[in-house]
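These notes are about the structure you will find just below.
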Amino acid sequence: MRKELEKYGIQMPSFSKIGGILANELSVDEAALHAAVIAINEALDKGIASQTMGTLRNPNAMLLNVGENLAEEYHSELAQAKKIKEDNAKVKNSTISEEERDVYEELLTQAEIQGHINKVNTNVALVQINEAIDRKDGVALINGLMLPNLSLFEVQPNNSAWYLAQLCNSKDQKTQKAGVPSILDKNKIQKDVSVANKKAEAHALMLEAVEKINAALLSGDPSQTMAALLLPEAQMPAVHPFESLYHNELLSLQKQNPVNYLNHDELFISVEMLSAVALVNQALETNDLLAMQTHLASPSIGLNNLEEDNMQRYVETLASYKREALDQGQSYLGWNEIQKCIDTVNDEIQDENERIIAIGIINEAISQGDPEVTLAALLSPQAILLDVSEENKLHYQNVLLQAKAQKCKECEDESAELWVDEIQEGIHIANRDREDAQKLASGVAEVNLALEQDDSQQTLTALQSSKIGIKGVSQECSEVYHRNLRDAKNEKTTKETEESSWMKIRLKDKYDYYYNIETQEGYWVQPEGITPKHSWLSREEIQLVVGKITADYNREQLWMANENLIILLQAQTRGYLLRKSYKERKAYLTEQEPAVITLQASWKGYKQRKSYTDRIKLLQDNVSAIVKIQSWLRMLKAQKEYQKTLQYFKDHEKEIVKIQAFLRANKAREDYRTLISSENPPLNVVRKFVYLLDQSDLDFHEELEVTRLREEVVTKIRSNQQLEKDLNIMDIKIGLLVKNRITLQDVVSHSKKLNKKSKGQVEEMLTVDKQGIKGLSKEKRKKLEAYQHLFYLLQTNPTYLAKLIFQMPQNRSTKFMDTVIFTLYNYASNQREEYLLLKLFETALQEEIKSKVDQIQDIVTGNPTVIKMVVSFNRGARGQNTLRQLLAPVVKEIIEDKSLIINTSPVEVYKAWVNQLEMATGEASKLPYDVTTEQALSHAEVVIKLETSIQSLRTVTDKVLQSIFSSLDLIPYGMRYVSKVLKNSLHEKFPDATEDELLKIVGNLLYYRYMNPAIVAPDGFDIIDMTAGGQIHSDQRRNLGSVAKVLQHAASNKLFDGENAHMSSMNPYLSQTYQKFRKFFQAACEVPEPEERFNIDEFSDLVTLSKPVIYISIEEIINTHSLLLEHQDAISPDHNDILHELLEALGTVPDIESFLGEGAVDSSDPNKENTLSQMAKTEISLSLTSKFGLREGEDKDMKSLMIKTKKLIVDVIRTQSGDSIIEILETPASTLQQNNHLMVVEKRAAFDAKTPDKMKRSHSVFEDGQLPLEQKKRKILRNLRTLDQAGLVSEESKYQEIINEIAKDIRNQRRYRQRRKAELVKLQQTLNALNSKTAFYQEQINYYNTYIKTCLDNLTRKNSRRSIKVDGKGEEKGTKKNKQAPLKYTAARLHEKGVILEIEGLQTNQFKNVLFDITPGDQVGDFEVKAKFLGVEMEKVQLHFQDLLQMQYDGVAVMKMFDKAKVNVNLLIFLLNRKFYGK
């Protein structure tokens, strides 16, 4: 340090510390740095700026960005900072000794000097930038922005104009706000640079979008044009689905442009207008009048001459234009067409206003009464009136004046005026009146001229002319017309009067019309100086004459044409008169009818009496002959009928035999139906079917087979359970071997034990020392029977075990259930034991709900003991096939679908996406690694992947649902019945609970606890077949877990919210699925009671052929005995209970050695304890019997007495018949009947002789069966009297109750045989499944043996490394291969690559001083990483490549190394792969 200071002519300071380090401990490089810093401080004290600048530029000072022309600024800033630090140090140094002081308590440190230099540089650069902004100098501005002193990000020279505009705007705003000139600071400049970059980028994208729009217009494809306009980069106004409108109109504008190119402003204005046009068209299509008015008035559309008052007319006219355009194949109205429509409507409205004024003038002229003025008003062009004739002006005035007067009268308004339609109609009426007057005058003239010429034919022609309009003219009357009309004309003619050529016509009885015959002119006003003709007939006079003549002629023709009708009328009149006369005569006879009947009856009676008297007289004279004839006839008839019947029988003998057989069969069926369905079947019917109670050889062999299979199934279940436990232990040991936690010798030892068990476990467990409890001694036999009685009581009375379960701790009760209880019921291997186990479940569940459940949700949130036991049992060996059938097909389909990837976690999807980008590019992603769910969902790529996963999830879930809902019958009856009990018990305890709440609890049991784990982990429940060493991939397991999660939410009607809000789109689907689940759970609870299902009651054990047998280990017997003694008071508070008697008989709990017998274990054996422990697992079989079931002379147990009595009655009625029990018992048996009974007894004794002990009946029942017939009858009478006193039977009903019980036994016997056959099939299937599972375990054993062999082989090879493989073949690594060289990187280099993110306590510019050495270890995948700072080794750490891969798999993106450095895991793996593995 002294030498370095001497270089600058500075003496060594008196302080012992420099930068917290003793001066004599500094390295050379550190001393040079501190010396340069002290020199700078000395130069500051001298006050010479140039000298200070020289020290600042000293390389040893390691200062950056020292400007050439800023010496004064640097000196001033640093001097001021140094003075402040010295002032602060004076206060501090007063309390610190000189030895403890540090140089830098008064001097500026290198970091402080660098900071002040940066501050000066920044201020200078900010001044330069603000001056450039004031001058509007873009070049100077960009140079200032790019100065390294400012360290501005993302400054791009191409955007200088944007920077200038943005910064000028910001500075103007700041100045305007402050009221004085202001300058922009660094943060504001950086913000404006970013804003300008975005604007420039947006502008560039906008230009590209404009290019695309012009290209799309040239392509001629409207859809491309629409797509280009919709690009957000184009910054176009909103467009609407009218592709052709935009394309055609913009294309037209493009062609009008000289360069065939539309810039952004032209496009924006055009699109804005076209969008407004599109909205108008859209409103026209939807007939939205309000919207149409709004869009027409919009300034965007730019329509001219738009009048708000005319909006309604615009809309209506545009609608008609739109319809015309659609008819012509045009789908829209363009702007020009809309503008044309506006102009047209405006012109029409203007014309209408002018026309209204003209109509007012016309009404005024009409009121004035001047035809000339009226004519002038009518001829006005604004009135737009048609067919106005000047010649008719007077008539116009009259007609219109009358129409106006009529309207005033109707409206009761004197000021009422005529409308244009009414005026036009008046003009038409006046014109028609003129035409009608001319025609009429011409026709009248023709008739009068014809009369003057005296030509009848011409007269007829004139009359028939349409001009005159004469009605009823007939050609046949022409002469008469001519004559009469001529006479009438002559009568009007006078010689004195001179007549002119004018004639007067009266029209409509209101108007006079003057017509000149010669010139054919006509006027409404009489011309001056004329006299109209008076000698001519008028039209009315002509019509009167013609009408009278025609009427006379028609009447004459009518009579002539209807002559026949007149004759018919006369005939009808005569007929009417004759009918009237007939009716009068008939009425007279009807009135006299009683008298006529009396006369006829008298005559008929006289004739009949005379005939009867004559016949009686004839018969009385011939009585003997008549009798003889009658007898002969009767004989012949009887003989004929008999012969006929006899012959019929001979001809149909075969049919008669069939009928008789049918009747007998029908009678037998009727008897059987009576036995089955009748409440009180008669004794004679029951007697016919008692033979069904006999046991045949087939029954015997089937019972033996069932017993054998049951024993084998139970043994196999226990064997597989033990084998599975050992395999699990082996898994753990091999895992620990890999991690060097145990020695290989431990694994090999367990493997040998495993092989031994797999080969001889069954034989070892079934081997029992003959000196043990089954030894041949009375004491041991008594002990055995006591245990048999105890376990029979526990098996058939579920109350004891149900209470015992809840007296033990949770962990102990679980083990007790898994071993003793399931063993006691032989894992429900037959229907009897399944029935009893279900009754235990029912009793225990009711007990648990009653005592342990306080709220209904406790079933869901807790872990109820019974529910766990039920689910465990039904997912075990018996229920495993059910779950496999239910779920295996759909689960296998999901697993085999390699393309199916379901991931509904936004964060995981985001991380996987980032990992994929980094692994593909080898560069650090600019995206953050740790994000929240909301941040992950802000990325479109993540949302798209999530939507795809959700859609796939819904499809797969539907398949699983279909499999579940269609397989209701596959769910074990036990699960469904327990669900029913659970629902009913909860409803009983919580009566206010709704049906939905109860069904959710049922769903929790049936789906969540029973099915859900099998879906999530199908390999763990044998739902799918897995090879040894195989496993489900993590993606497949996540797919199954996602499906299970959706089903769980649906079954409990729980919607996605909160953390799962991103899946809320599935909520409607969940609600629909819950309704399906609800129906499914309701249907699942609809099952019959176990008694009905299994046809079992309390008497079933006494009518079956074999005794129930269980297979239980000695340890389980001792533990059960101990537990019962410990909790007997809680289980059975009544000390007179049977359980207390049985426990008292058993005495204290024996130990294993006394249970096995003396000599079972060598007392000198050093491993005696282990041997005893092993022998405690030995299993023995117990044939369960009831101690109190069939005791001789027991009258207290009425049920047992009833059974014994039934057996005796069956023996009696088998050989002796009668109508009732009393009749049979009181009637002595004949010798034949006694002999028959003796034969039955002997046959039964022979059958019992070959029956095994397990299947033999009790001794008391056997003795009763050997009694003589009469003794049996006497015993039956005694028993019946006892049962009568107990109220079980009644003498008044002739003991029909016991007959009903026998009939019930017969029915149950048939059902028992059916169940036994079904049980044989079921046991065989279960055994096959267990054998398959044993084979699978054997395959795993072989796999483990191969693995261990490979490990042993590897141990024998020295100095070699081999990868352990399952097939025993490894790839040998060459020992001579050169070890790879270590990899060296500075932290700065790794930071550039993105591997190092940050190092705590170290600035980025110091990363160059940190060096990392990555050295491969001796083991493949192991690396040693050393960290050096300024060449000094600081720390080292061991890195395992497998751990990195695990982190990557777990989604860990950033890890800490040396507890300081944050490392990107993905890029570190990429680096190691590329440098060491060549990937």
Less than 3.5 Å apart, which donor and acceptor atoms pair up between the side chains of residues 1042-1050 and the rest of the protein, not counting sequence neighbours?
| unit_1 | atom_1 | unit_2 | atom_2 | d |
| --- | --- | --- | --- | --- |
| Ser1042 | OG | Arg1038 | O | 2.9 |
| Lys1045 | NZ | Asn1060 | OD1 | 3.3 |
| His1049 | ND1 | Lys1045 | O | 3.0 |

TODO: Return yes if some donor-acceptor pair links the side-chain N/O of Asn915 with the main-chain N/O of Lys911 below 3.5 Å, else return no.
DONE: yes

> How are the rings of Phe965 and Phe1077 set to each other: parallel, tilted or perpendicular (split at 30° and 60°)?
Replying inline: perpendicular

Does a sphere of radius 6.0 Å around OH in Tyr1008 hold more than 12 heavy atoms from other residues, nucleotides or ligands, not counting ones at 6.0 Å or beyond?
-> no

Partner of Pro906 under side chain to side chain contact (heavy atoms under 4.5 Å, CB included), picked from Thr932, Val943, Thr933, is Thr933

Quiz item: Using the ring of each side chain (for Trp, its six-membered ring), is Tyr910 parallel, tilted or perpendicular to Trp913, with breaks at 30° and 60°?
Solution: perpendicular

Item checked: Within 6.0 Å of NE2 in His939, more than 12 heavy atoms from elsewhere -> yes

Sorted by chain and residue number, the side chain to side chain contact (heavy atoms under 4.5 Å, CB included) partners of Ala1061 (sequence neighbours excluded) come out as none

Heavy atoms of other groups near Lys989 NZ, more than 12 under 6.0 Å: yes

| said: Would you say Ser899 and Asp897 are linked by a side-chain donor-acceptor pair, where the criterion is simply a distance under 3.5 Å? | reply: yes

Residue set satisfying ring-ring contact (aromatic ring centres under 6.0 Å, His included) with Tyr1069, at least two apart, ordered chain then number -> none

task = Taking Ser1052 for its side chain and Lys1000 for its backbone only, find out whether a donor-acceptor pair lies under 3.5 Å.
result = no

- Is there a donor-acceptor contact under 3.5 Å from the side chain of Asp858 to the main chain of Gln855? yes

Nearest heavy-atom contact between Ala1051 and Tyr1007 is CB-CD2, 4.2 Å

